[in-house]
Amino acid sequence: MTSRLSRRVALFLLTPLLLLFTRKASGREEPQAPEEDWIKVTSRVSLVHLGSIDSFDKTAAGIAAAKLMLDALENNNLESAKEAVLTYEKIIPNENFGGEYTAIQWFGEYLLASPQQQEAFLEEPLVAEFFNFFAEDNFASLKEYLKRKYGVGELEDEGSKAAIERERFLEDFILFNNPRREEWEKTSKMLDSLKIEPGDTIADIGSGPGYYSFKFSKLVGPKGKVFAVDTVENHLNYIKGVSEKYGVNNIELVNNTTDNAKLPPEEMDLIYMCSLYHIIYSTSLEPVKDRFVESMKQALKKDGRLIIVDNGIVEDQTLPYHGPYIAKELIISQLKYYGFRLIDQYAFIPQRYILVFQLG
Ligand SMILES: C[S@@+](CC[C@H](N)C(=O)[O-])C[C@H]1O[C@@H](n2cnc3c(N)ncnc32)[C@H](O)[C@@H]1O
């Protein structure tokens with residue numbers, strides 16, 4: 001009995017070694033991932049960061065600057081506007097990279113500008129629309145935002161579900177359509193790298209309020225088409241309003257679901273996702289993600305490209321993107337599983353990368 005037991009224990013202990021030996025002897029090695037798929041994990045920086053609580057951190061300096069801006073708007077106090085602009089100047093290099101500070105500072109600079117300079121601020125129609133949204137009714141929405149976000153004033157509906165949704169929408173809107181976005185993101189360089197042709201069909205998935213959709217609309221021209229796809233109706237309504245006002249008729253709106261991009265089959269020359277795949281990667285249930293990626297695959301033309309722009313990890317003294325970020329290797333590896341091949345990649349700032357994929 002004892003010897004049968006000890007034989008079993010010996011077999012149990014030896015089996016892994018035997019398996020290893022048999023594999024080596026038969027020349028059957030464990031598959032190794034190609035070098036570019038290896039992820040450097042000897043870093044104090046997390047490979048995936050979802051954002052949330054600390055992504056929109058309210059610092060003492062941020063609150064002070066918001067207070068100054070509110071005073072400038074409520075009391076027409078240009079001294080406060082000047083001080084707010086200077087405060088943002090000091091804190092922008094140290095906090096909130098790619099965040100809203102540059103947008104609020106832009107409003108401060110507008111207040112200080114001469115009427116002629118103010119006209120120049122609003123030359124670009126989409127920037128003028130952004131301005132109108134916040135400036136209408138004596139800057140009502142900008143004041144409301146400063147109060148909601150930084151708690152620098154009273155609001156009647158504080159804490160309600162509607163108030164939380166409104167703050168989220170205002171925060172998204174000021175971030176995504178920030179007139180200073182080109183400066184931190186190098187948007188034009190990103191667009192050049194995409195080599196978009198007039199007549200192309202592009203799906204801007206997770207379009208938000210259309211920062212990229214409107215740029216694509218110009219680039220593809222009247223013979224091309226843009227699908228602005230988002231799960232949030234408020235964003236699409238904004239795109240609709242601006243399109244109607246400026247006679248933009250090559251953008252189609254798609255209010256999709258998290259498991260389906262809801263695009264027509266095999267029509268897209270390009271599917272573009274800016275700052276969205278980290279959400280899918282880290283929050284979607286597997287079957288939901290499978291269905292979502294499958295719906296993108298079906299929408300692409302045979303030689304169509306999938307472009308993923310997201311926020312990368314940075315090390316040392318470089319300020320990371322203020323919100324969520326994800327190591328690009330995680331996306332490259334996952335999309336490989338789904339049948340995509342990385343054909344190009346670019347980065348014009350350390351905090352943001354552009355990955356170009358094709359099927360097959
Ligand atoms: C971080 S924002 C980026 C907005 C825009 N791409 C930009 O760069 O300005 C992500 C957007 O994706 C939308 N979104 C989230 N999950 C989505 C999904 N499964 N399909 C489509 N849009 C989604 C959100 O509503 C939000 O507007």
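Worth knowing before you read on, the calculation uses all heavy atoms, side chains too, and leaves out hydrogens, waters and symmetry mates. Numbering of ligands and ligand atoms starts at 1, following listing order.
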Under a plain distance cut-off of 3.5 Å, with no hydrogens placed, do Glu95 and Thr59 share a side-chain donor-acceptor pair? yes
Any sub-3.5 Å donor-acceptor pair from Ser114's side-chain atoms to Gln117's backbone N or O? yes
Donor-acceptor contact below 3.5 Å, side chain Asn311 vs main chain Arg352: no
Taking side-chain hydrogen bond (donor to acceptor under 3.5 Å, both in side chains) as the cut-off, I'd like each qualifying pair that reaches into residues 218-230, sequence neighbours left out, listed once. Lys225-Glu252
CG (Leu191) and OH (Tyr212) are apart, to the nearest 0.5 Å, by 5.5 Å
Hey, which of Leu335, Leu342, Val309, Asp310 is the one that makes side-chain contact (heavy atoms from CB on, under 4.5 Å) with Leu355? Leu342
Shell of residues surrounding ligand 1, defined by a 4.0 angstrom heavy-atom cut-off that is strict: Phe176, Arg181, Ile205, Gly206, Ser207, Gly208, Asp230, Thr231, Val232, His235, Asn256, Thr258, Cys274, Ser275, Leu276, Phe292
